[in-house]
Asks: 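What follows is a structure written as structure tokens; I'll ask about it next.
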Amino acid sequence: MYKQEKIKPYGEEGRKGEQVEKMFDNIAPTYDLLNHSLSLGLDRYWRNTAIDTLLPYAPKQILDVATGTGDFALLATRRLKPDQLLGVDLSEGMLEVGCRKVAEAGLSDVIKFQKEDCLQLSFSDNAFDAVTVAYGVRNFEDLDRGLCEMRRVLREGGRLVIIELTTPRSFPMKQVFGLYSHVLMPLVGRFISKDTKAYHYLPASMEAFPQGEEMQKILQKAGFKDVQFERFTFGLSTLYTATK
């Protein structure tokens, strides 16, 4: 078991997946505002950079796991022009927000959402040209199982793209981020979202999540090839790409 799998939003009682679902249902109405504000807008750059890695492959069928409110799904659809993008998530509250955004964008014919457990996807083998995860993989209850499921539904030669928040390792950004994540983030999150636990859990899960070379080895263990990673903005975010 990896360290972040032991960290739960609301304490020891109950499965992590159930608690993560409850947490995101609670913060769904304010999630986009907080997400963009707390990242100072940098998350949009990180997402676009991740999407651009798929441009040479022109995927037609894309699965976006832990799609949340659909930000990554919308950006990917506009940039990559797939025939179909399916966004899946545990949280119905997040999916409801995503459905409204997609309808407002006039993309409901391309982007579809449905509730799914990433540890037991309902799709057939080799169903998608690309699988993406933006800032959700650290919330998996079982990282190895989730990665294996994503590999299963990828076609041979298909591409995996994961972008995840990570923690800087070098002075002074490591110290600055520690202050920001443990003081400012919980304070602002509690004030806006009214969930006193969520924005303590999120930085804790970031710090515990495997990074860089460690995550590269985990992806290779799950059967992925050509695993590469790139750190952005002093290590605040890390992009992982791989092939089935």
Side-chain angles (χ1 to χ4, degrees), residues 1-9 15-21 24 43 46-47 49-51 53-54 57 59 62-68 72 76 87-90 116-121 123 125-170 174 177 181 201-244:
M1 176 178 278
Y2 303 108
K3 287 191 292 185
Q4 85 283 351
E5 294 174 356
K6 301 176 184 177
I7 299 173
K8 303 175 185 178
R15 291 178 49 234
K16 176 171 180 170
E18 293 170 346
Q19 292 194 23
V20 167
E21 179 181 356
F24 281 112
D43 63 302
W46 297 332
R47 291 172 199 267
T49 303
I51 289 164
T53 66
L54 288 173
Y57 304 95
I62 301 174
L63 177 67
D64 187 36
V65 175
T67 194
F72 197 85
V88 299
D89 202 281
L90 274 175
E116 288 275 342
D117 184 346
C118 68
L119 304 185
Q120 194 172 3
L121 296 169
F123 314 114
D125 297 355
N126 308 305
F128 298 95
D129 301 316
V131 175
T132 60
V133 194
Y135 309 111
V137 75
R138 74 183 185 281
N139 298 315
F140 287 8
E141 184 174 315
D142 184 331
L143 177 60
D144 288 334
R145 185 174 171 187
L147 292 174
C148 288
E149 271 294 274
M150 291 191 290
R151 184 182 183 279
R152 179 183 66 79
V153 301
L154 261 180
R155 66 167 176 79
E156 291 296 326
R159 295 289 291 175
L160 174 71
V161 174
I162 295 173
I163 184 86
E164 187 54 84
L165 293 169
T166 46
T167 55
R169 296 180 172 180
S170 302
K174 179 178 180 180
F177 178 77
S181 62
Y201 162 77
L202 293 172
S205 65
M206 287 170 57
E207 291 172 352
F209 190 73
Q211 299 187 31
E213 291 85 358
E214 186 180 359
M215 182 61 176
Q216 186 179 40
K217 291 176 182 177
I218 290 169
L219 286 162
Q220 290 168 339
K221 184 177 72 171
F224 289 100
K225 301 179 295 184
D226 307 320
V227 182
Q228 305 290 329
F229 71 92
E230 180 180 0
R231 294 185 174 97
F232 301 129
T233 319
F234 307 105
L236 287 171
S237 186
T238 303
L239 170 68
Y240 303 90
T241 59
T243 304
K244 178 176 177 177

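This structure is a prediction, so every number in the text was calculated from the model and none was measured.
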Asks: Just to verify, what does A50 make a side-chain contact (heavy atoms from CB on, under 4.5 Å) with, not counting sequence neighbours?
Replies: F72, V161, I163, L239

Asks: So, using ring pair (Phe, Tyr, Trp, His ring centres under 6.0 Å) as the criterion, who are the partners of F123 when residues are at least two apart?
Replies: F128

Asks: What I'd like to find out is whether the side chain of F140 reaches to under 4.5 Å of the side chain of R145, using heavy atoms alone.
Replies: no

Asks: Checking side-chain polar atoms at under 3.5 Å, does T238 have a donor or acceptor matched by the opposite partner on T166?
Replies: yes

Asks: Could you check if a side-chain atom of M215 sits within less than 4.5 angstrom of a side-chain atom of L143, using non-hydrogen atoms only?
Replies: yes

Asks: Taking all atoms of both residues into account, what is the closest heavy-atom pair of L121 and E116, and its distance?
Replies: CA-OE1, 3.6 Å

Asks: Go through the structure and list residues passing side-chain contact (heavy atoms from CB on, under 4.5 Å) with D117, not counting sequence neighbours.
Replies: R15, L90, L119

Asks: Is the number of heavy atoms from other residues, nucleotides or ligands under 6.0 Å of F229 CZ greater than 12?
Replies: yes

Asks: Which residue pairs satisfy the salt bridge (Lys or Arg N to Asp or Glu O under 4.0 Å) criterion with at least one member in residues 214-223, sequence neighbours excluded?
Replies: D144-K221

Asks: With rounding to the nearest 0.5 angstrom, report the CD to CG distance, E149 to D142.
Replies: 10.5 Å

Asks: The criterion is side-chain contact (heavy atoms from CB on, under 4.5 Å); which residues satisfy it with A208, sequence neighbours excluded?
Replies: K3, Q4, I7

Asks: Taking side chain to side chain donor-acceptor pair (under 3.5 Å) as the definition, give me every residue that meets it alongside Q19, ordered by chain and number, with sequence neighbours left out.
Replies: none

Asks: With rounding to the nearest 0.5 Å, note down the distance linking OG1 in T233 to CH2 in W46.
Replies: 5.0 Å

Asks: Quick one: salt bridge (Lys or Arg N to Asp or Glu O under 4.0 Å) pairs with a partner in residues 223-236, sequence neighbours left out?
Replies: E213-R231

Asks: With sequence neighbours left out, write down each residue that passes salt bridge (Lys or Arg N to Asp or Glu O under 4.0 Å) with E164, or none if nothing qualifies.
Replies: R138

Asks: Partners of E5 by side chain to side chain donor-acceptor pair (under 3.5 Å), sequence neighbours excluded?
Replies: none

Asks: Checking Q216 now: which residues fulfil side chain to side chain donor-acceptor pair (under 3.5 Å) with it, not counting sequence neighbours?
Replies: none

Asks: Rounded to the nearest 0.5 Å, what's the gap from CG on N126 to CG on L154? Could you check?
Replies: 8.5 Å

Asks: With rounding to the nearest 0.5 Å, note down the distance linking CG in N139 to NZ in K16.
Replies: 6.0 Å

Asks: Taking the side chain from Y240 and the backbone from G212, do they hold a donor-acceptor pair closer than 3.5 Å?
Replies: yes

Asks: From L165 CG over to L202 CG, what is the distance, rounded to the nearest 0.5 angstrom?
Replies: 8.5 Å

Asks: List for me each residue that meets salt bridge (Lys or Arg N to Asp or Glu O under 4.0 Å) alongside R159, sequence neighbours excluded, and say none if there are none.
Replies: none

Asks: Can you name the residues that form a side-chain contact (heavy atoms from CB on, under 4.5 Å) with R151, not counting sequence neighbours?
Replies: F224, K244

Asks: If I compare all heavy atoms of A242 with all of V227, which pair ends up nearest, and what's the gap?
Replies: CB-CG2, 3.9 Å

